[in-house]
Protein chains: 2
Amino acid sequence: MLAAERRDHLLDMLARQGKIVAKDVAAELGISEDSVRRDLRELAAEGLCQRVYGGALPASPAVADYAARQSVTPDGKRRVAAVAAGLVRPGSALILDGGTTALATARALPPDLDCTVITHSPTVAVALVEHPRAEVILLGGRLFKHSAVTCGAAAVEAAQAVSADLCLLGVAGVHPDAGLTTGDAEEAAMKRALAARSAETYVLASSEKIGTASRFRVLPWEEITGLVTDAGPGHPVVRAVTSRGVQVLQAG
Amino acid sequence: MLAAERRDHLLDMLARQGKIVAKDVAAELGISEDSVRRDLRELAAEGLCQRVYGGALPASPAVADYAARQSVTPDGKRRVAAVAAGLVRPGSALILDGGTTALATARALPPDLDCTVITHSPTVAVALVEHPRAEVILLGGRLFKHSAVTCGAAAVEAAQAVSADLCLLGVAGVHPDAGLTTGDAEEAAMKRALAARSAETYVLASSEKIGTASRFRVLPWEEITGLVTDAGPGHPVVRAVTSRGVQVLQAG
DNA sequence: ACGATACATGCAGAAACGTGCAAGAACGCG
DNA sequence: CGCGTTCTTGCACGTTTCTGCATGTATCGT
């Protein structure tokens, strides 16, 4: 049993039965109570649950299943998402990419935010159903299984018909020389099309992406407004990017 | 064993069992754990999986809402969905509506079914990500919060561009006189547009819908091929509908 | 107040990790 | 065909991380 898997299991159980008894779950998973306690302590530190004597309770009833859905979102991504969500102005139009970071950003938006969100990710669209005042425009097209977003000619065409104030893009790799890259050519084209329809474009990249490069170039540095990352300002790649005139927003 | 082959095997395993344990897969494939780790590192860099201590977990949002997939579908709906899924021929094109019954149908499709699915429901689209051989076309447009499907002019227009062999529609009410109805005018229009693009149209209605009517008419009886329901053949509404020449498929 | 249970902390063995390195295969080129 | 280059792969090493146990402390129920 993987540690991360155990963590997910705990959150899942928390969402489903509303509580966790350390002793029981230890017996159920065949691990020591100490490990359970350790996990619960960490989850509580991240605000995903409320630690109580004997086990844990959901952080708050409202976020019970919210937490479970965030379970696979690592810490860095969540911080990046929080900063990215802060960039969105009420009343503005936002283009939101697919991918886990963009999804986390959607969930990090204030629940009653009044704005228009344009996305090619059905997952993001579904997540935004819970934001009653947000108008969601879904760009149709062929669904790419790999990343669960629409891509291809039809999707790019649909993107041409919209325009926005702000575009938040996720990428697979951020490298000083290679620039912003992703693993699929269609995806790269779609991201380019999205960025082209927005006045400003920020790239979201948690630290594990920093310094890596994938096969397909999305955009050169000149065409983005800024980078949101949780990698420290001292990180060599961050410094290199900054020296190229890219605004770097710290999600520390 | 080729490197690319190994990579595929890892992704396949990830999709199938939801996790990878580096040690196990190394033993299974007869290669060193180092190679497995290297592969996982690269896959993670491309965003294809999430690296965790001891192995890897899926990064795909599709598998992330595993919990949602486990949510309970009432028995009647499930039976209706099973019968509806049986109507889909391999190699054909299918239009699938939104709503819980349609979603259950999507999940009831054989996992390796080779077909094209056209839908205006992002939820259905996401559910179908797990069907590797199904091509999913998502109809874009404005998202209706209430039912989480795209509706409106843009969505209807997108629907005009497709055509299919079979259309499976959910409705809110099935009544002998009022016909097939739903609670929103835009939704009704969208459903009409979908049915118009398909050679055959079946309506899915679990028994609690039978005999009720909502405000907006979707289609008259003449324009549908059949009705799939779990209400018994002796049910007065079912008998009335049958007498109007509608084929009724029993999901008992 | 007291026993029982849960807890945090420190510790040690074990497992997993990243890196450097060298042997070997695949490849391109002369 | 031979040679050098590049890429891959497995091994060795030192490092980090995890996990269960032991200890002493805090909290709960009675």
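Lettering of chains follows the sequences in order, A, B, ..., and the numbering in each one begins at 1.
Following rounding to the nearest Å, A/Arg6 (CZ) and D/dC18 (C1') show an atom-to-atom distance of 8 Å. One can place CG of B/Leu29 at 18 Å from P of D/dT8, the figure rounded to the nearest angstrom. Following rounding to the nearest Å, A/Leu2 (CG) and D/dC18 (P) show an atom-to-atom distance of 11 Å. Taking atom CG on A/Asp39 and atom C1' on D/dC18, their separation rounds to 10 Å, with Å as the unit.
Axis angle, first five pairs versus last five pairs of the helix from C/dA1-D/dT30 to C/dG30-D/dC1: 40°, rounded to 10°.
In summary, B/Glu42 and B/Arg38 do not engage in a salt bridge, as defined by a charged side-chain N under 4.0 Å from a carboxylate O.
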**Item:** side-chain hydrogen bond (donor to acceptor under 3.5 Å, both in side chains) between A/Gln250 and A/Thr229, worked out
**Value:** CA-CA 6 Å; A/Gln250 285 294 331; A/Thr229 183; over 6 Å; no
**Request:** Take A/Glu33 and A/Lys23 through the test salt bridge (charged side-chain N to carboxylate O under 4.0 Å, His left out) and record every step on the way to the result.
**Result:** CA-CA 6 Å; A/Glu33 293 183 37; A/Lys23 189 179 172 183; over 6 Å; no
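By the 6.0 Å contact criterion, NZ on B/Lys145 is enclosed, its count of non-hydrogen atoms from other residues, nucleotides or ligands being greater than 12. The 12-atom threshold is exceeded at CD of A/Gln160, counting heavy atoms of other residues, nucleotides or ligands nearer than 6.0 Å.
Residue B/Ser35 places at least one side-chain N or O under 4.0 Å from the OP1 or OP2 atom of D/dG10.
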**Asked** Where along nucleotides 12-25 of chain C does protein come under 4.0 Å, by heavy atom, of base (B) or sugar-phosphate alone (S), with - for untouched nucleotides?
**Response** ---BBBSB------
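At least one donor-acceptor pair under 3.5 Å links the side chain of A/Arg192 to the backbone N or O of A/Arg217.
Using a 4.5 Å heavy-atom threshold, the side chains of B/Leu96 and B/Ile118 count as separate.
The list of salt bridge (charged side-chain N to carboxylate O under 4.0 Å, His left out) pairs with a residue in residues 85-102 of chain A, not counting sequence neighbours, reads A/Asp97-A/Lys191.
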